[in-house]
Amino acid sequence: MPKIYLTTPLYYVNDQPHLGHAYTTILADVLTRFYKMAGYETFFLTGTDEHGQKIADAAKQRNKTPLQHCDEMVLKFKSLWEKLNIGYDDFIRTTESRHISVVNQALQNLYEKGDIYKSSYTGWYCVPDERFWTEKDLVDGNCPDCGRKVEKLEEDNYFFRMSAYQDWLIQYIREHPRFIEPETRKNEILGFLSKPLNDLCISRPSNRLSWGIPLPFDPQYVCYVWFDALLNYITSPGYLTDQEGFQKWWPADYHLIGKDIVTTHGVFWPIMLKALEIEPPHTIFAHGWWLIEETKMSKSLGNVVSPEYLISEFGVDQFRYFIMREMALGQDASFSIESIIDRINMDLANDFGNLASRILTMIRRYRQNKLPEALENGGPEEALITSSNRLPDEVFGLIREMKIHLALDRIISAVRDTNRYIESSAPWELARTKQDKKLDTVLYTATEVLRKIALLLYPVMPEKIERLREFLNSREEITLTSARKWGILQPGTAVDHKEILFPRIEKALHKTEPETPKKMETPKKTDYLTFEEFKKLDIRIAEVLTAEKVPDTKNLLRLEIDLGTEKRTIVAGLAKYYQPQEFVGKKIVVLANLQPANLHGIISEGMLLAAEGEDTVKLLTIEGDIPPGSRIR
RNA sequence: CGCGGGGUGGAGCAGAGGAAGCUCGUUAGGCUCAUAACCUAAAGGUCGAGGGUUCGAAUCCCUCCCCCGCUACCA
């Protein structure tokens with residue numbers, strides 16, 4: 001029996017599960033179900049990556065221990081996977097002892113081999129990214145990756161001798177064209193490898209970061225997250241613990257990942273395996289990103305579309321179908337509420353659901369819900385039988401090539417063919433003119449095609465297809481073999497259309513656009529403000545207590561101000577024109593009752609007033625001495 | 001040359017060396033079994049520009065242009 005071992009990345013639990021997580025995981029689930037139908041023995045691994053600085057920080061911010069924080073996040077992931085009907089075989093956490101023990105042994109092994117060595121390191125450290133940079137990497141003195149501030153750091157650390165394996169890896173990638181897919185990603189990695197590879201720093205001193213796995217040969221240090229997390233792919237199938245299991249499943253057939261983590265999987269990981277004398281995975285497959293309104297989906301942009309919302313609004317299977325149909329694997333795809341509604345209405349409601357509906361209604365009306373027998377197959381029937389017998393292999397062929405969107409397109413076009421067949425044989429006309437045998441034939445043929453098509457949609461929409469199989473009273477095994485065969489449904493079977501499978505979605509009931517900021521309207525010159533309106537403005541004098549630049553921004557300053565009765569935080573966009581220290585002690589003019597705004601994570605409670613020139617901005621101050629809090633009118 | 005994504009009929013997108021395709025929309029027609037659905041037909045493209053390779057280029061190579069994200073900027 002052929003086997004296939006698929007993995008998702010271990011998701012980093014500093015974030016809520018979002019559309020991107022859902023996508024990779026659904027993809028793994030759909031592939032697993034397809035391969036299972038094709039007779040493969042499958043192993044599907046997912047899990048969570050729980051160590052590292054960002055987790056420690058996130059936990060601290062929430063007043064939790066890191067492990068408490070992780071436990072809670074893990075529940076969120078698991079509950080989403082349950083809602084999405086994800087049938088994983090193993091969910092591994094990097095905090096589990098089975099994993100920690102493998103990490104320990106791997107580290108010890110590499111240390112003894114001399115592939116891990118201690119060295120002093122001077123560099124610039126980006127805290128949020130957990131990455132070291134050399135002087136020349138920096139851009140304007142900031143992190144080249146995220147643009148944020150870096151700290152100078154000198155410390156001893158342990159390094160993994162990656163450079164020793166560079167030539168091996170280049171050759172391996174060249175000799176194994178399917179090792180990194182799609183090809184653009186492979187080229188990217190080869191480009192990356194054309195420059196000398198640095199040894200990878202794989203430790204952090206535990207006095208700076210304690211949330212990690214201690215190095216077995218030096219407990220003063222913990223293991224760098226990536227190094228630890230990648231090893232899960234071999235922990236789960238049984239590396240060092242279950243010889244038989246490991247031999248059976250490893251090497252993994254697919255590591256499904258997002259294109260943002262190609263380097264770790266395409267460079268670090270195979271070198272780690274090589275050093276451990278383990279075979280590399282067969283294929284590392286990088287998919288694209290979901291774009292929302294043309295921007296990369298990310299939490300910081302506040303445009304994350306919650307998978308839970310989409311499930312409750314549109315249904316699990318509809319969501320699964322959409323997300324698989326809409327993305328050409330490897331490329332980016334756009335998400336919008338409008339596109340998901342269109343896709344569901346066109347493919348599932350109008351074509352597929354409606355096909356089931358019209359066939360079953362006719363059998364109810366003309367044959368009292370009993371499936372008739374086909375006794376007069378003619379040209380159109382033969383054509384449909386032939387093409388539907390071929391369909392499963394065409395579809396599975398596309399799945400093997402990771403062209404899932406094309407596979408689904410192929411299935412829906414078979415649905416359209418069937419609609420066409422019904423149209424041209426006009427069973428309602430046959431019923432009216434009492435051509436019973438012909439009518440029986442058409443009804444049976446259409447139903448049998450429907451059964452076969454439904455099986456092929458099962459991996460994507462398991463719940464709905466199970467339901468349709470209840471309508472059809474069809475209990476055969478869900479396999480590709482059964483989808484290839486003609487004549488599984490027995491004449492005389494009681495069938496019924498119990499409900500509409502995919503109701504049409506009314507666009508009017510949904511916001512078709514994610515929330516967008518309202519456009520500023522230019523006030524007309526004749527728009528006078530009434531005195532009442534003016535009185536609403538609470539403009540006051542404030543004294544600046546502290547001022548500092550907001551990290552990672554070009555123009556934002558965070559000011560603590562004294563408003564006489566209270567102290568407040570406001571954010572001002574003046575960093576291009578003023579140094580922070582110029583503000584301290586100054587009396588400024590503030591609009592105190594402006595609706596608070598969240599700017600880069602800081603709540604700004606008020607607005608500093610300034611005059612805007614062509615290419616300069618000047619601060620408003622007050623002449624003479626007046627206490628903070630004084631009202632301006 | 002910061003990195004990355006993209007430019008294909010009105011819209012959204014697929015295709016990646018051999019006759020420009022799909023869905024939606026539009027127009028005209030058909031059907032009445034079906035979820036205002038389904039079916040037929042028509043209009044609509046110099047595949048961002050220029051050059052090259054080739055018997056043949058949307059597809060491969062070179063040069064260039066444009067859009068966008070990475071990068072929430074409270075005046």
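Given the structure is predicted, the values throughout are model-derived calculations rather than measurements. So that the names make sense, note that chain A is the first sequence line, chain B the second, and so on, each numbered from 1.
The pair Asp440(A)-Lys438(A) does not count as a salt bridge, with every side-chain nitrogen at least 4.0 angstrom from each carboxylate oxygen. Using a cut-off of 4.0 Å between Lys/Arg side-chain N and Asp/Glu carboxylate O, Asp496(A) and Lys370(A) are scored as not salt-bridged. With salt bridges taken as basic N to acidic carboxylate O contacts below 4.0 Å, none links Glu543(A) and Lys567(A).
Put simply, CD on Glu429(A) is 16 Å from P on G30(B), counting in whole angstrom units. If you measure from atom CG of Asn354(A) to atom C1' of U32(B), you get 12 Å, rounded to the nearest angstrom.
Within residues 442-453 of chain A, no residue has a heavy atom under 4.0 Å from RNA chain B. The stretch residues 362-371 of chain A comes close to RNA chain B through Met362(A), Arg365(A), Tyr366(A), each having a heavy atom under 4.0 Å from the strand.
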Quick one: which protein N/O atoms are closer than 3.5 Å to N/O atoms of nucleotides 15-19 of chain B? Pair and distance per line, please.
from   : atom 1 : to        : atom 2 : distance (Å)
G15(B) : OP2    : Gln331(A) : NE2    : 3.1

Review item, nucleotides 22-24 of chain B N/O atoms under 3.5 Å of protein N/O:
none

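For the pair His265(A) (side chain) and Val267(A) (backbone), a donor-acceptor distance under 3.5 Å is absent. For Asn473(A) (side chain) and Ala494(A) (main-chain N/O), a donor-acceptor pair under 3.5 Å exists by modelled atom type. Using modelled atom types, one side-chain atom of Thr283(A) and one backbone atom of Arg178(A) make a donor-acceptor pair closer than 3.5 Å.
Nucleic acid contact class of Ser357(A) (heavy atoms, under 4.0 Å, all strands): base. Using a 4.0 Å heavy-atom distance criterion, Asn419(A) is classed as a sugar-phosphate-only contact.
For the side-chain contact (heavy atoms from CB on, under 4.5 Å) test, residues two or more places apart in sequence or in another chain that qualify with Thr546(A) are Glu560(A). By the salt bridge (Lys or Arg N to Asp or Glu O under 4.0 Å) test, Arg451(A) pairs with Glu448(A), Glu476(A), sequence neighbours left out. Leu310(A) pairs by the side-chain contact (heavy atoms from CB on, under 4.5 Å) definition with Leu19(A), Val305(A), Phe314(A), Phe319(A), Phe335(A), Ile337(A), not counting sequence neighbours. With sequence neighbours left out, the salt bridge (Lys or Arg N to Asp or Glu O under 4.0 Å) criterion links Asp317(A) to no other residue. Scanning for salt bridge (Lys or Arg N to Asp or Glu O under 4.0 Å) contacts around Glu382(A) gives an empty result, with sequence neighbours left out. The side-chain hydrogen bond (donor to acceptor under 3.5 Å, both in side chains) test applied to Tyr421(A) returns Glu381(A), not counting sequence neighbours. A search for side-chain contact (heavy atoms from CB on, under 4.5 Å) contacts involving Leu375(A) returns Glu373(A), Lys437(A), not counting sequence neighbours.
Here, A58(B) and A16(B) have their C1' atoms 8 Å apart, quoted to the whole Å.
For His255(A) and Phe285(A), the ring centers are positioned 6.0 Å apart or more.
Both Leu608(A) and Asp417(A) lie near RNA chain B, and the one whose nearest nucleotide falls closer to the 5' end is Asp417(A). Of the two residues near RNA chain B, Pro427(A) and Val415(A), the one whose nearest nucleotide lies more 5' is Pro427(A).
In secondary-structure terms, RNA chain B builds stems of at least 3 consecutive Watson-Crick or G-U pairs, each pair having both distances under 3.5 Å, at B:2-7 with B:65-70, B:10-13 with B:21-24, B:26-30 with B:38-42, B:48-52 with B:60-64.
There is no side-chain donor-acceptor pair under 3.5 Å between Arg364(A) and Thr361(A).
In the set U35(B), C74(B), C33(B), C33(B) carries the atom at the smallest distance from any side-chain atom of Trp428(A). Which of C33(B), C39(B), U35(B) sits closest to the side chain of Ile500(A) comes down to U35(B).
Aromatic ring pairs are classed by plane angle as parallel below 30°, tilted from 30° to 60° and perpendicular above 60°; the pair Phe352(A) and Phe502(A) is tilted.
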